[in-house]
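See structure below.
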Amino acid sequence: MGRALVEHAELNASLMGLSAIYLLTTTATDFFERLGYEQLCRGQAPDSISKTIQFSDLCPASSHLMRKLL
């Protein structure tokens, strides 16, 4: 079920013309790596990600930043 949800989100992002998907996770790093996501240093987050409330306040600093190029 999780894989299907991620694939659906990726398809929608691609149809919207996005070139990458970013996420923060504290527990699902292995799951997303199996789906082709790579871990990044938090300092590598683009401004559009790093300026969100999720990145700066809601998700703990221990969250892993991950990205998948579409």
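All figures in this text were calculated on a predicted structure; none of them were measured in a lab.
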Original post:
Same cluster or not: are V6 and I21 linked, directly or through other Ile, Leu, Val, Met, Phe, Trp or Tyr residues, by side-chain heavy atoms under 4.5 angstrom apart?
Top reply: yes
Original post:
Can a cation-pi geometry be assigned to R67 and Y37, taking NZ or CZ under 6.0 Å from the six-membered ring centre and within 45° of the ring axis?
Top reply: no
Original post:
Would F31 and L23 show up in the same hydrophobic cluster when neighbours are defined by side-chain heavy atoms closer than 4.5 Å?
Top reply: yes
Original post:
Is the shortest side-chain N to carboxylate O distance from E38 to K68 below 4.0 Å?
Top reply: no
Subject >> Backbone of T29 reached by a side-chain donor or acceptor of R34 within 3.5 Å >> reply: no
Original post:
Quick one: do L24 and M66 end up in the same hydrophobic cluster if we chain Ile, Leu, Val, Met, Phe, Trp and Tyr together by side-chain heavy atoms under 4.5 Å apart?
Top reply: no
Subject >> Atom pair CG/CD of L65 and Q44 - distance to nearest 0.5 Å >> reply: 7.5 Å
Original post:
So, for S62 and T26, which heavy atoms are closest and what is the spacing to 0.1 Å?
Top reply: OG-CG2, 4.5 Å
Subject >> I49 CD1 to Q54 CD distance, which is reported to the nearest 0.5 Å >> reply: 9.0 Å
**OP:** Using atom types as modelled and distance alone, determine if a side-chain donor or acceptor of S63 lies under 3.5 Å from a backbone N or O of C59.
**Re:** no
Subject >> Nearest heavy-atom neighbours spanning L18 and L70 >> reply: O-CD1, 3.7 Å
Original post:
Can you check whether Q39 reaches F32 side chain to side chain, under 4.5 Å on heavy atoms?
Top reply: no
Subject >> Heavy-atom side-chain proximity of Y22 to S48 below 4.5 angstrom >> reply: no
